[in-house]
Structures are given as C-alpha cells and as structure tokens.
Amino acid sequence: MQGFYSILLLLLSNTFMTFAWYGHLRFGHLPLMQKWGLFGVIVISWGIAFFEYCCQVPANRIGFIDNGGPFNLIQLKVIQEVISLSVFTIFTLALFPNEHLRWNHIVGFVFLILAVYFIFKK
C-alpha cells in the first residue's frame, strides 16, 4: 500500500511541478502574468512548487525501503522520472496544440519503459 501512496503522491507532485515550470508558457498572456513580468512569474511558480514539495518529500519518505516502503533510492528516482515525463507529455499535448508526439518520442518512451524494467529486475 505504501508503494501505491508513494506513486500517487509522485503523480501529484509532478503535476504541480509541470505547472510551476511550464504553465507560464501557456498562460503568459493573462493580465496578471503580463503585469508582474518575469519576477511575478517566478514568484507564482515558486508558490506552485511549494505544493510540489509537499507531495514529493512524503512520497519519497513513504516509498523508501529504509522507511518501510517497497522502493530503493534508484527505483524511486526512475519512477519519478517516468511519471515526470508522462505528466509533461500529457500537459504538452493537452495545452499546446502546436506540439506533436513524433515517432522518436515514442521510441524514447519505450526506452524509458525498458529502463524501469531493468532497474526493477532482481
């Protein structure tokens, strides 16, 4: 069950992270973003990133094998990276209509899946 909660928190964490890092590229036209400029965007992104950390830190603590979780440190990192790229891809395809998923992206995702396989192989 700890593995499930860890992955769920990593999913939430990476959703916040993606909005903090890339949301301003999609919503930069909003008056608040234009009025505050780069400094305002940094402050808003930092505020969103706070919630990322509120999910990321517990996810790692819950999931880490030395705290009773099922994952070692390398497994946690690989899970986080796969979730990060998956959330980013969904975010990009949903909010940026000019971006497209290409064959080389699919190949890269296949390699990520293989990385997960080999990292978890005993």
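Numbers here are sequence positions counted from 1. This is a predicted model, so every value here is computed, not measured.
The stretch residues 103-121 participates, sequence neighbours left out, in no side chain to side chain donor-acceptor pair (under 3.5 Å) pair at all. For residues 52-71, the set of pairs meeting the side chain to side chain donor-acceptor pair (under 3.5 Å) definition, not counting sequence neighbours, comprises Ser13-Gln56.
By the side chain to side chain contact (heavy atoms under 4.5 Å, CB included) test, Ile83 is found to be paired with Ile7, Leu10, Leu11, Asn14, Ile79, Val87, residues two or more places apart in sequence or in another chain being considered. Partners of Gln2 by side chain to side chain donor-acceptor pair (under 3.5 Å), not counting sequence neighbours: none found. Annotation: side chain to side chain contact (heavy atoms under 4.5 Å, CB included) contacts of Glu99 (sequence neighbours excluded): Thr92, Phe96. Remark: Phe4 engages no residue in a ring pair (Phe, Tyr, Trp, His ring centres under 6.0 Å) (not counting sequence neighbours). Leu85 pairs by the side chain to side chain contact (heavy atoms under 4.5 Å, CB included) definition with Phe109, Leu112, not counting sequence neighbours. With sequence neighbours excluded, no residue forms a ring pair (Phe, Tyr, Trp, His ring centres under 6.0 Å) with Phe64. Remark: Phe27 engages no residue in a ring pair (Phe, Tyr, Trp, His ring centres under 6.0 Å) (not counting sequence neighbours). Applying the side chain to side chain contact (heavy atoms under 4.5 Å, CB included) criterion to Ile90, with sequence neighbours excluded, gives no partner residue.
Under a hydrophobic clustering in which Ile, Leu, Val, Met, Phe, Trp and Tyr are joined whenever their side-chain heavy atoms come within less than 4.5 Å, directly or via other members, Phe50 and Trp21 fall into the same cluster. Under the 4.5 Å side-chain heavy-atom criterion for grouping Ile, Leu, Val, Met, Phe, Trp and Tyr, Val107 is connected to Val110 within one hydrophobic cluster. Taken together through direct or relayed side-chain contacts under 4.5 Å among Ile, Leu, Val, Met, Phe, Trp and Tyr, Leu12 and Ile48 form parts of separate hydrophobic clusters.
The other members of the hydrophobic cluster of Ile42, by chain and number, are Leu38 (side-chain heavy atoms under 4.5 Å, ILVMFWY only). Ile113 belongs to no hydrophobic cluster with other residues, because no ILVMFWY side-chain heavy atom falls under 4.5 Å from its own, directly or through intermediates.
In this structure, Phe16 and Cys55 have side chains that are in contact, with non-hydrogen atoms separated by less than 4.5 Å. Side chains of Phe88 and Leu93 form no contact here, defined as non-hydrogen atoms less than 4.5 Å apart. Within the 4.5 Å cutoff, no side-chain heavy atoms of Leu95 are placed close to those of Tyr22.
To the nearest 0.5 angstrom, Ser6 atom OG is 12.5 Å from Met1 atom CE. In this structure, OG in Ser84 is found 3.0 Å from CE in Met17, a value given to the nearest 0.5 Å.
Nearest heavy atoms, Gly3 versus Pro70: CA-CG, 3.6 Å.
Partner Phe71 forms a side-chain contact (heavy atoms from CB on, under 4.5 Å) with one of Val78, Ile119, Leu76, Ile62 and no other, that one being Leu76.
No more than 12 heavy atoms of other residues, nucleotides or ligands lie within 6.0 Å of CD1 in Ile74, so this atom counts as exposed by the packing criterion.
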